[in-house]
Undergrad: 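Quick one: the structure is below, and I'll ask about it shortly.
All figures in this text were calculated on a predicted structure; none of them were measured in a lab. All values below were derived from every heavy atom in this structure, side-chain atoms included, with hydrogens, water molecules and symmetry-related copies excluded.
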Amino acid sequence: MQDISRAKSAELYEKSKTYFPGGVNSPVRAFKSVYGTPLFIQKGDGPYIWDADGNKFIDFCASWGPLILGHNNAKIREKVTEVMQNGMSFGAPTALENELAELIIKNNRFVEKIRFTSSGTEAVMSAIRLARGYTGRNKIIKFEGCYHGHSDSLLVKAGSGLVTFGETSSAGVPKAFADETIVIALNDKQAVTQAFAQFKDDVAAVIIEGIPANNGLLIQDADYVQFLNETCTANGALLIFDEVITGFRVGFEGAAAYYGIKPDIVTYGKIIGGGLPVGMYGASNEIMAHVSPDGGVYQAGTLSGNPVAMAAGIAALTILSRNGFYEELNAKAQAFINDIKAHVATKGYQLKIFTVGSIFWFAFTDKDIKTAEAIDPASMEKFKVMHRECLNRGVYFGPSGYEVGFVSAAHTSVELDSAKQVIFEALEVVFGE
């Protein structure tokens, strides 16, 4: 099939490379893992996006997750426009912060008090500092394959042993920072037990994505997550759920409700901003009392809780809090995925689709993948072909085979049926039919 025209996007990309490293303001946007130059998006509406060349796509990237209601949602746009008439930032409290906080806390059993930030990275960074301040300990346990933003102590990868100090995964991160982070494999109880045996009195927290979804969709068994919770409690450490992706996505209460586990600290982002930059961390009253100005753990932000972002969040979460919202969205998403699974099974393709709620991930394998190490890098060549074939037929996925896709409330049976046919045709090319 002939490739879509990218002439205007290519021109914009060449110009952008004179302004930004790699021509982008976030690395994955550079299309390094797929064919062609990045698409420059001009507009979005409902389940669709259009690029600078006028190509129209059914979008399953959803701005990497926040757009659970689709692009340019009318209720969010109207609320933001209304609030903007009075100004966009004051660096002072507004009633909108109270309104969004009440909406969240009243509908979420897992937090009693919260603090807004401007990004998920900032929320996680602050949660780590809070855990250290609350426990008086230094070390953090994280898991290989879980991404928690680009703060220094979390940009680390596993070394060669079962339990190792992290090795920096980015230039510019001092070894001393990485040495405060212990990185172990997911789904390995022995590694967790050994880590606590080695560092028992110095582990402030264990941090895990609610359902790891930044490096494939690595759905963990409930008994493993419960084991993490019990082990933290037994050793006086805190359990942090990074729910920047899963929060308000698998349900209003996120992965905490999915597993029926109350983490000590939870971080959120993406969806609570309604398409604008917002992050948040929350915990019990007792733990949050350690945050400045009540306590000694300092964290601040000029644009934290700014009225425009709060307005977008209020509009979005008001819709999400309605009875039946998630039941309808998740049922629609699962029906879409089940139809693709049935087609794959009929064809005998070596492809598994991992899914939870309205999140899905295509993995060109026949294995049940629960760890980053189980993902075969060579399989990404198949995704690369699939991505190109889908683009050429009008379906947009994030430009990396390690990234997940999202169904939004704006996707109707019309778009989902069309997307299924595109995926079927793309898979024929991938598997050489």
Side-chain angles (χ1 to χ4, degrees), residues 108 110-117 119-144 146-156 163 165-166 173 176-184 186 191-193 195-210 212 225-247 254-256 259 261-269 279-301 304:
N108 189 322
F110 302 98
V111 292
E112 293 178 335
K113 195 166 283 186
I114 66 175
R115 171 65 65 84
F116 287 120
T117 64
S119 71
T121 288
E122 188 183 347
V124 174
M125 177 185 73
S126 304
I128 293 291
R129 183 179 301 158
L130 174 56
R132 286 174 167 148
Y134 178 79
T135 62
R137 299 174 176 183
N138 296 320
K139 299 200 185 313
I140 303 296
I141 295 174
K142 76 173 290 285
F143 300 94
E144 185 74 356
C146 286
Y147 176 72
H148 303 290
H150 62 268
S151 59
D152 283 351
S153 63
L154 295 171
L155 270 184
V156 294
V163 176
F165 289 120
V173 176
F177 285 37
D179 283 349
E180 298 300 341
T181 306
I182 301 151
V183 186
I184 58 179
L186 277 165
V192 175
T193 301
F196 273 102
Q198 284 183 235
F199 306 103
K200 174 170 183 172
D201 296 327
D202 203 21
V203 176
V206 171
I207 184 168
I208 186 171
E209 289 183 67
V225 182
Q226 182 61 46
F227 166 78
L228 295 180
N229 188 36
E230 292 170 354
T231 303
C232 284
T233 301
N235 288 278
L238 303 185
L239 178 62
I240 303 174
F241 266 21
D242 176 350
E243 297 232 39
V244 170
I245 288 182
T246 50
Y259 285 115
I261 288 172
K262 182 179 172 69
D264 296 293
I265 306 175
V266 193
T267 66
Y268 299 102
M280 183 197 99
Y281 62 102
S284 64
N285 288 322
E286 177 193 355
I287 291 175
M288 292 300 285
H290 288 255
V291 178
S292 177
D294 287 348
V297 177
Y298 189 76
Q299 180 263 316
S304 296

Undergrad: Are the side chains of Thr193 and Phe227 in touch, meaning some heavy atoms are under 4.5 Å apart?
TA: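 Answer yes - side chains close enough.
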
Undergrad: Under a 4.5 Å cut-off applied to non-hydrogen side-chain atoms, are Glu286 and Tyr134 in contact?
TA: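 Yes; the side chains approach each other to less than 4.5 Å.
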
Undergrad: Taking all non-hydrogen atoms of both residues into account, name the closest pair between Lys200 and Arg137 and its distance.
TA: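 Smallest heavy-atom distance, with atoms named: O-NH1, 3.4 Å.
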
Undergrad: Are more than 12 heavy atoms from other residues, nucleotides or ligands located less than 6.0 Å from atom NE2 of His290?
TA: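 More than 12 heavy atoms, drawn from other residues, nucleotides or ligands, come within 6.0 Å of this atom.
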
Undergrad: Contact between Tyr281 and Glu122 at the side-chain level, heavy atoms closer than 4.5 Å - yes or no?
TA: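 The answer is no, as the side chains (C-beta and beyond) never meet within the 4.5 Å cut-off.
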
Undergrad: Would you say the side-chain atoms of Asp242 pair up with the backbone N or O of Thr267, donor to acceptor, closer than 3.5 Å?
TA: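 Pair absent, no side-chain N/O of Asp242 close to backbone of Thr267.
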
Undergrad: Do the non-hydrogen side-chain atoms of Thr135 and Leu238 ever get within less than 4.5 Å of each other?
TA: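 Contact flag for Thr135/Leu238 side chains = yes.
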
Undergrad: So, do Ser151 and Ile128 sit near enough that their side-chain heavy atoms are less than 4.5 Å apart?
TA: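 In short, these two side chains do not touch, never coming nearer than 4.5 Å.
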
Undergrad: Does atom NZ of Lys262 have more than 12 heavy-atom neighbours, drawn from other residues, nucleotides or ligands, at distances under 6.0 Å?
TA: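 Yes, because the 6.0 Å sphere around NZ of Lys262 holds more than 12 heavy atoms from other groups.
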
Undergrad: Report yes if the side chains of Thr246 and Glu209 come closer than 4.5 Å at any heavy-atom pair, otherwise no.
TA: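 Result no, sub-4.5 Å side-chain heavy-atom pair not found.
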
Undergrad: Report yes if some heavy atom in the side chain of Val124 is under 4.5 Å from a heavy atom in the side chain of Ile207; otherwise report no.
TA: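 SC-SC contact between Val124 and Ile207 confirmed.
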
Undergrad: So, does Gln299 use its side chain to make a donor-acceptor pair with the main chain of Val291 at under 3.5 Å?
TA: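 Side chain of Gln299 to backbone of Val291, a donor-acceptor pair under 3.5 Å: no, none is there.
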
Undergrad: Taking the side chain as every heavy atom from C-beta outward, state whether Tyr147 and Ile245 have any atom pair closer than 4.5 Å.
TA: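 They are not in side-chain contact.
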
